[in-house]
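The structure appears right after this line, and notes come after that.
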Amino acid sequence: MMGARTRGRLGGRFWRRLRLVLIALGAALALTACADEHPLDTLTEAGPDAQEINDLFFPVLGVAIVVFFLVQGAIIYMVMRYRVRRREAAAAAADSDSDDFYGDEDYPEQVHGNLRLELAWTIIPTILLAVISVFTLISIVELNEVTAAEDDLRVTVVGQQWWWEFQYHLDGDTSTPPDIVTANELVMPVRQQVPLEITSRDVIHSFWIPQLNGKRDAVPGRTHPWVIEANEPGRYMGQCTEFCGLSHAYMRMYAVVLEPAEWEEWVQGQMVDAAPLQPGEPGYDGQEVFLANCANCHVVNGVTDVDLDDQLDGMDDYAGGNTITSALVAGAAPNLTHLASRTTFAGSIFELYEDRAERIPYLEVAVRGDLNRGDLEAWIRDAPDRKANDADGARGMTAFPGLTEGEIDALVEYLMTLR
Ligand code: CUA
């Protein structure tokens, strides 16, 4: 009687708990579906390197699943098969002289060691792991293989708190100043391997565009080679994947992959410096605001006259342990020469245009896109409110409480001339 009631109560509690767990699991699954349209998706590879990784991952996952069910199945079988049944336990307790519910003499014979079993569960995993490690080593070697020619495009990737800079070397020579410097959007030609040289200006970051390749750390004072390649044009999301300070989660990026003709057009456009505006020209007032407030950190080629060499020196300074300020004065904030040609800003956490970039050809967003004025102005007004800075305020964009709304409007008008 007592036993049955206890079992009923225990059973009720079990089912209530199970229901809770299932509801929590369901909610978690539903929440993951709320992710952005561009998830950090490792499962739908979009390039040969990501393919290489998944060609290794899925077979290993298959083996792991088989092992999981074999081991868990064996455990569950043992537990069920050899559990102490209530009736047996009661009989044993009734028989026993001692107070023990289930005395020593009632245990089954204890077995110590079984040579054949021991050999089996040592040799089988050893073979499995050896086979997996061989395939893993082959994949690692192939992932690092550079098939691009010496004089093909190379990009230096510079991580910093909390955005990515991309320095393009069109002739593949990374020892000379870059031809193009841009931020947050790694524009690249389709079906062409793009070798990268990844480094950092401050702390350790990690470069990761999961649909194109795995992760590679960005370490100050070091250069790590990496490659990416995409099979189809499109916009592929990336994210810093090494915790690097308060706004680590807001250190995103995109690879923007273009057809060869569009890629050529983009390169030609980016090679052109901005022309300084003259009094009376649309945007001139904003240019004045820009020069007075933003040009300490942001470069507009042709307007702020900061030498790209200085920029690179600033990076070396930082790696050499010099102050944060020296790197900032050297122009260590996103280069804004062609800001309006990009689709995102602030470490790619905001869209620059209302109608998402992919509905408009990438090269036309600056002309046809509807400016996301709300986020852009809020960002200029009080960036730390949108994206936390370090406590000392030295990293990340500062707030500009001194700017009037009129000045902000003028500044935005100017920024939108930077195509
Ligand atoms: Cu940069 Cu995390």
Side-chain angles (χ1 to χ4, degrees), residues 35-36 38-42 50 53 155-167 178 181-188 194 196-228 235-256 297-298 311-312 314-328 330-336 342-351 379 383-398:
D36 199 61
H38 289 275
L40 292 162
D41 187 350
T42 56
I53 292 172
V155 179
T156 303
V157 175
V158 187
Q160 49 232 294
Q161 291 167 317
W162 291 274
W163 58 284
W164 297 94
E165 181 168 281
F166 303 114
Q167 303 172 354
V181 176
T182 184
N184 299 323
E185 286 175 12
L186 176 50
V187 181
M188 55 186 263
V194 180
L196 307 176
E197 292 194 348
I198 300 176
T199 187
S200 163
R201 261 187 195 131
D202 37 46
V203 299
I204 301 179
H205 306 271
S206 190
F207 176 92
W208 187 43
I209 301 179
Q211 282 182 280
L212 301 187
N213 204 343
K215 305 168 175 181
R216 178 68 34 119
D217 276 6
V219 178
R222 294 188 57 141
T223 312
H224 291 162
W226 202 221
V227 292
I228 52 171
R235 209 172 73 147
Y236 303 96
M237 191 181 184
Q239 160 79 48
C240 175
T241 176
E242 178 75 51
F243 181 69
C244 56
L246 267 185
S247 285
H248 154 71
Y250 290 146
M251 186 169 166
R252 300 178 195 159
M253 69 189 129
Y254 285 95
V256 176
C297 303
H298 291 283
Q311 242 182 313
L312 293 179
M315 181 179 137
D316 293 341
D317 283 354
Y318 198 86
N322 281 359
T323 60
I324 289 159
T325 326
S326 79
L328 278 181
N335 183 304
L336 299 182
R342 302 177 204 149
T343 54
T344 55
F345 64 100
S348 284
I349 63 173
F350 299 115
E351 292 289 329
W379 177 250
D385 183 51
R386 294 306 199 77
K387 183 171 170 178
N389 283 352
D390 275 347
D392 61 7
R395 299 306 274 169
M397 182 154 134
T398 182

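When a ligand or atom number is given, it counts from 1 through the structure's own listing order.
- Taking CZ of R252 as the start and SG of C240 as the end, the distance is 12.0 Å to the nearest 0.5 Å.
- Here the shortest heavy-atom pairing between W226 and R216 reads CZ3-NH2, 3.0 Å.
- With rounding to the nearest 0.5 angstrom, the NE2 atom of H248 is 6.0 Å from the OG1 atom of T241.
- Under the salt bridge (charged side-chain N to carboxylate O under 4.0 Å, His left out) criterion, R386 pairs with D375, sequence neighbours left out.
- If you look at atom 2 (Cu) of ligand 1, the protein N, O or S atoms less than 2.8 Å from it are C240 SG, E242 O, C244 SG, H248 ND1.
- Note that CG of L212 is 10.0 Å distant from CD1 of I53, once rounded to the nearest 0.5 Å.
- Between atom CG of residue L186 and atom CD1 of residue I228 there is a gap of 4.5 Å, rounded to the nearest 0.5 Å.
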